[in-house]
*Asks:* 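This is the structure I have questions about; it appears just below.
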There are 2 protein chains.
Amino acid sequence: MRIAAILREARQYLSAAEIHARLERESAEVSLSTVYRTLEFLRAQGAVSQRTDEAGETTYLSCDGDHHHHAICRGCGRVEDVDCEAIDQFTEDLDQHNGFLLESHSMEFFGRCRACR
Amino acid sequence: MRIAAILREARQYLSAAEIHARLERESAEVSLSTVYRTLEFLRAQGAVSQRTDEAGETTYLSCDGDHHHHAICRGCGRVEDVDCEAIDQFTEDLDQHNGFLLESHSMEFFGRCRACR
DNA sequence: TTCTATTTGCGAACCGTTCGCAAAATCATC
DNA sequence: GATGATTTTGCGAACGGTTCGCAAATAGAA
C-alpha cells in the first residue's frame, strides 16, 4: 500500500493532510477519508504509531511493533530510534519509592540530528 | 483565582470542559471562553502545564515551573512527580552514539499508584 | 455475467478550541 | 458618587482536524 510506503520512506511523523498531499504529488489520488481509514487500519495492525503534536494534530510514523523511544530532530523532523536500558531500573525504583506499579511509559527526545546541528 | 485552585487541588490533568464543570459545581459560573483564556494565561505564567491526551483533548495540570516527569495513575488519574537523574547520562550517550544534540525531552509513565494497584 | 461484499469519495456533522464583538464590570480621576 | 477609559466577560459564529452516513464505484465469488 502506497500510504505505508510513504511513511516507511519518510522516517518522520506525518499528518494525514501531509500524507494526502504526498499522494497527490505522486498522482496516486485518494480522498482524505481513505487516508484516515487506511491509517486507522495500519495503526490497528501495529504497523504505524501515532502521536499528537503541539498543535493537536495527529501524526503518524511507520513502526515495526517493538517498543523503543524516539529522538525527533527539530531541524528536519527525522526520527531516530533510541534505546533505553535504564527503564528496568526505573520500574524498580518507582515501585520501591512511590509504590507505583509501572505499566507503560513514553519518552520523546527533541534536539538536532547529526545533519542539522 | 478559582481555576488555579481547582487545578492545584486536583493533582491531575483536567480538560477545559472538566474544569468548567467543576466551577459550575461550586456555583462559580464562568463561560467556557473564560476558562480557556484563564488557562492560557496561567500557562504563559508557567503555573500550568498542558498535554494532549489520547483523544486529542488538551488537558492542564498545575505545576511549579521546574522540570520533572510524571507518573500518571490509570486508576484515579492522579499525577505524581518522578525525578530522573539518568537524563544527563542519556544526553551524553545520544551525542556520542547518534551525533544527536539533545535539547529537551518529555517522559510519561503510566501505571497504578499505591492506592489503586 | 450476475449478484454480493468491500472500498471509495463526497459532504455533512462533530467536537474542542479560537475569535470578534458588544455588554458588563472594574478602575482611575475628578 | 459620577464620568469616562480600560479590562474582563459571555455569547455565538467560525475554524480545523477528524469522523460518519450514504450512495456510487470497484472487486470478488458463483
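Convention: sequence-line order gives letters A, B, ...; per-chain numbering from 1.
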*Asks:* Looking only at side-chain N and O atoms, does Thr58(A) come under 4.0 Å of OP1 or OP2 in dT18(D)?
*Replies:* yes
*Asks:* To the nearest Å, how far apart are Glu18(B) CD and dG16(C) P?
*Replies:*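 In whole Å, dG16(C) P and Glu18(B) CD are 12 Å from each other.
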*Asks:* Give the nucleotide from the list dC22(D), dT18(D), dT9(D) with an atom nearest to the side chain of Glu57(A).
*Replies:* dT18(D)
*Asks:* Taking the six-membered ring for Trp, are His105(A) and His69(A) parallel (under 30°), tilted (30 to 60°) or perpendicular (over 60°)?
*Replies:* tilted
*Asks:* Quick one: is Thr34(A) getting a side-chain N or O under 4.0 Å of the dG9(C) phosphate, OP1 or OP2?
*Replies:* yes
*Asks:* Quick one: Leu32(A) CG to dG9(C) P, roughly how many Å, whole number?
*Replies:* 10 Å
*Asks:* Nearest of dC10(C), dT17(C), dT19(D) to any side-chain atom of Ser33(A)?
*Replies:*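 Of the candidates, dC10(C) comes closest.
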*Asks:* In whole angstrom, what separates Phe41(A)'s CZ from dT18(D)'s C1'?
*Replies:* 20 Å
*Asks:* Once you round it to whole Å, what is the distance between C1' of dT9(D) and CZ of Arg37(B)?
*Replies:*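 Rounded to the whole Å, the gap is 6 Å.
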*Asks:* Would you find more than 12 non-hydrogen atoms of other residues, nucleotides or ligands less than 6.0 Å from Arg74(A) atom CZ?
*Replies:* yes
*Asks:* Rounded to whole angstrom units, what separation is found between the OH atom of Tyr36(A) and the P atom of dG11(C)?
*Replies:* 17 Å
*Asks:* Should the pair Arg37(A)-Glu40(A) be classified as a salt bridge under the 4.0 Å nitrogen-to-oxygen rule?
*Replies:* no
*Asks:* Compare side-chain N and O positions of Ser31(B) against OP1 and OP2 of dT9(D) and report whether any pair is under 4.0 Å apart.
*Replies:*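 So the side-chain polar atoms of Ser31(B) never come under 4.0 Å of the phosphate oxygens OP1 or OP2 of dT9(D).
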*Asks:* Take atom CD1 of Ile3(A) and atom C1' of dT7(C), then tell me their distance rounded to the nearest Å.
*Replies:* 13 Å
*Asks:* Have a look at Glu40(A) and say if it touches a base, only the backbone sugar-phosphate, or nothing, with a 4.0 Å heavy-atom cut-off.
*Replies:*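 Nothing: the residue Glu40(A), judged by heavy atoms under 4.0 Å, touches no strand.
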*Asks:* For Asp53(B) and dG17(D), give me the distance from atom CG to atom P, rounded to whole Å.
*Replies:*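 It works out to 18 Å between those atoms.
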*Asks:* NE2 of His20(B) versus P of dG16(C): gap in Å, rounded?
*Replies:* 13 Å
*Asks:* For Tyr60(A) and Leu7(A), which heavy atoms make the closest approach, and how far apart are they?
*Replies:*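 Between these two residues, the closest heavy atoms are O-CD2, 3.3 Å.
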*Asks:* When you measure from the side chain of Arg114(B) to the backbone of Asn98(A), do you find a donor-acceptor pair of N or O atoms at a distance under 3.5 Å?
*Replies:* yes
